[in-house]
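Throughout, a chain's letter reflects where its sequence line sits, starting with A, and its residues are numbered from 1. Only a predicted model underlies this, so the values are computations on that prediction, with no experimental measurement involved.
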Amino acid sequence: MRSDAIPLAPVPLTADEAETMLQRQIKKHHVAIILLHWFNAATWILEVATGAALISSRLFRVAPDWYLAIVNGLFGTRGNLLRFHVALGLVWIGVFLVYGIFGFRTYLRGEVLKKEIALDRDDVRWLVVRALRILGRSDEALPLQGVYNAGQKLFSMVVYAMLPVVMVTGVIMAFRLFSPWVVGWAVVLHFGAVGAVVAGLVIHVYMGAVFPEEKPAFFSMFTGSVNELFAYNHHFKWWREMKTEQLAWDRQREPAAEIARPETPAGGEGDAQEPST
Amino acid sequence: MARYAMVTDLRKCVACQACTVACSAEWAVPAGHARTHVRTTPLAGSFPNLTSSPVVGQCNQCDHPPCVEPCPSGATYQDAGGIVRVDTDVCIGCGFCVDACPYEARFINPRTKKVDKCDFCRPRIERGEVPACVATCTAHAKYFGDLEDRNSEVSRLVFRDGARRMETRTVAVGPNVFYLGRPEHLDLVLSSYPPRPPRLLTAGAAWTRLLKPLVLAMVGMTFAGQAVAFFTQLHKGEGDFEE
Ligand code: SF4
Ligand code: SF4
């Protein structure tokens with residue numbers, strides 16, 4: 001098989017090909033990322049729940065009286081509630097620092113960030129088409145996506161921009177650093193940054209837990225892998241990249257192997273490929 | 001329920017600062033700050049008929065305390081005796097309440113970095129004692145008690161002798177520290193140190209007017225968006241989404 005035998009755009013699959021691909025799992029997330037994801041999810045639930053109960057002033061609060069009563073009841077005193085919120089927040093920051101230090105080269109390199117959060121032209125188009133399709137206004141096929149789709153990238157951008165704000169303002173408040181003026185602004189920014197993430201989370205959680213189309217992505221947050229068919233249909237650019245890499249690897253290891261590799265869909269049929277325009 | 005109040009007789013006050021010292025000792029207030037203070041008004045009138053008055057100021061435990069609402073964490077609250085208190089466990093030292101108080105009765109304690117102010121020596125009241133400043137006043141110019149008890153000394157001074165609140169037409173938040181004195185002296189006190197209208201710091205205003213509506217709108221919009229997605233999907237049926 002020649003490397004150009006990997007199609008540039010998805011081609012219709014036969015039932016057999018689809019079935020084979022459905023059975024084959026490909027790795028998407030490291031164990032470390034899965035653990036971090038669920039630790040993060042649990043922390044966010046607890047922090048948002050306690051944080052909303054901490055804002056008790058009528059001027060600023062977002063939660064109703066009965067909610068404040070329940071949460072305050074659970075913690076006994078408001079002092080305990082605040083201490084819990086702060087302690088958990090500090091643990092969370094600690095875990096992220098460890099992740100940042102040890103995972104810096106793996107996850108926070110420029111090229112990784114570019115691949116995982118920067119929007120390209122296809123992504124922008126994807127956002128438009130996705131929205132139109134949801135509204136039932138378009139049947140246009142979604143533009144091809146990399147390892148993360150544009151919605152996920154957009155959410156990552158919000159998260160990457162807001163997390164440092166949440167952390168820094170949180171630490172300022174926890175230790176009442178600098179002056180009361182700074183602390184005052186820290187409370188406000190903390191609220192705003194968390195609000196932006198929560199707005200994104202509404203969609204993120206819905207897409208992950210409810211939207212049937214994204215089910216394999218949801219389960220990949222437990223197993224670490226998605227089936228190849230899902231990658232092919234939803235993250236074609238990523239699928240293609242992996243196939244290319246695999247091919248290069250195989251060829252290096254066993255040059256003869258490229259002669260017979262029937263399991264690649266459209267394998268060997270160079271004429272089946274359609275240039276993506 | 002009790003309604004605690006304090007009356008200061010400015011005719012008796014000799015501005016000796018004994019109350020300030022006793023208060024600072026009782027509450028270990030760091031130097032440079034005070035829960036209660038004694039000031040003297042500038043001179044008024046024309047020579048040789050000059051006059052001035054001492055003023056003893058502190059938190060007034062207002063009936064409608066403007067410092068409560070701007071406190072985001074609920075650290076500042078009014079207790080059952082009408083005393084406005086600070087739960088230092090929850091205070092985050094943001095200073096919103098400091099700016100809100102018309103009497104400048106609050107400060108951020110530099111040691112704890114949390115807010116500090118007079119609470120009529122609540123622990124002493126609970127032990128059946130009077131506040132430290134009242135106990136110490138060398139001139140016996142201070143009275144403390146329950147306004148709702150019509151036989152109390154403070155009730156008599158307020159309801160019979162006409163002790164006055166230092167409030168103006170524009171700032172009337174119901175202070176519960178009353179003053180006795182010659183009317184012209186009390187007028188001088190009020191005109192020298194009038195309560196200023198409660199303020200909300202820019203950060204607080206940005207929160208209520210900008211950020212809170214913005215956050216609610218953002219969350220509301222994403223929620224509405226996904227509701228639309230959900231119903232379109234129901235309408236189309238799941239078949240469309242099979243791989
Ligand atoms: S005097 Fe100031 S601090 Fe005291 S209750 Fe009134 S507004 Fe609050
Ligand atoms: S500084 Fe004042 S407004 Fe801020 S949390 Fe403390 S008591 Fe509340």
- Message: Quick one: does any side-chain atom of A/Ser57 pair with a main-chain N or O of B/Glu69 as donor and acceptor, under 3.5 Å?
- Response: yes

- Which pair of heavy atoms, one from B/Thr112 and one from A/Arg176, lies closest together, and at what distance? O-NH2, 2.8 Å

- Note on the structure: Here the pair of heavy atoms bringing A/Arg78 nearest to B/Ser73 is NH2-O, 2.7 Å

- Message: I'd like to verify something: which residue of B/Gly74, B/Cys91, B/Gly93, B/Gly95 has the highest number of heavy-atom pairs under 4.5 Å with chain A?
- Response: B/Gly93

Choice from [options] maximising heavy atom contacts with chain B below 4.5 Å:
{"options": "A/Leu59, A/Leu201, A/Val183", "answer": "A/Leu59"}
{"options": "A/Pro180, A/Gly79, A/Ala196", "answer": "A/Pro180"}
{"options": "A/Gly184, A/Ala186, A/Gly195", "answer": "A/Gly184"}
{"options": "A/Ile203, A/Ile55, A/Val202, A/Leu189", "answer": "A/Val202"}
{"options": "A/Leu54, A/Thr77, A/Val198", "answer": "A/Leu54"}

- Note on the structure: Ordered numerically, the heavy-atom neighbours of chain A under 4.5 Å found in residues 197-217 of chain B are B/Leu200, B/Thr202, B/Ala203, B/Gly204, B/Ala206, B/Trp207, B/Thr208, B/Leu211, B/Lys212, B/Val215, B/Leu216

- Query: Does any heavy atom of chain A fall under 4.5 Å from the side chain of B/Phe96, the backbone, both, or neither of them?
  - Reply: side chain

- Item | Audit row: B/Asp89, A/Arg83, side-chain contact (heavy atoms from CB on, under 4.5 Å) steps and yes/no | CA-CA 9 Å; B/Asp89 257 8; A/Arg83 271 187 288 271; 3.3 Å; yes

- Task: Any chance you could measure A/Phe155, atom CZ, to B/Thr222, atom OG1, to the nearest 0.5 Å?
- Result: 10.5 Å

- Message: Quick check on the structure: residues of residues 60-72 of chain A within a heavy-atom distance below 4.5 Å of chain B, by number.
- Response: A/Phe60, A/Arg61, A/Val62

- CZ of A/Arg58: more than 12 outside heavy atoms within 6.0 angstrom? no

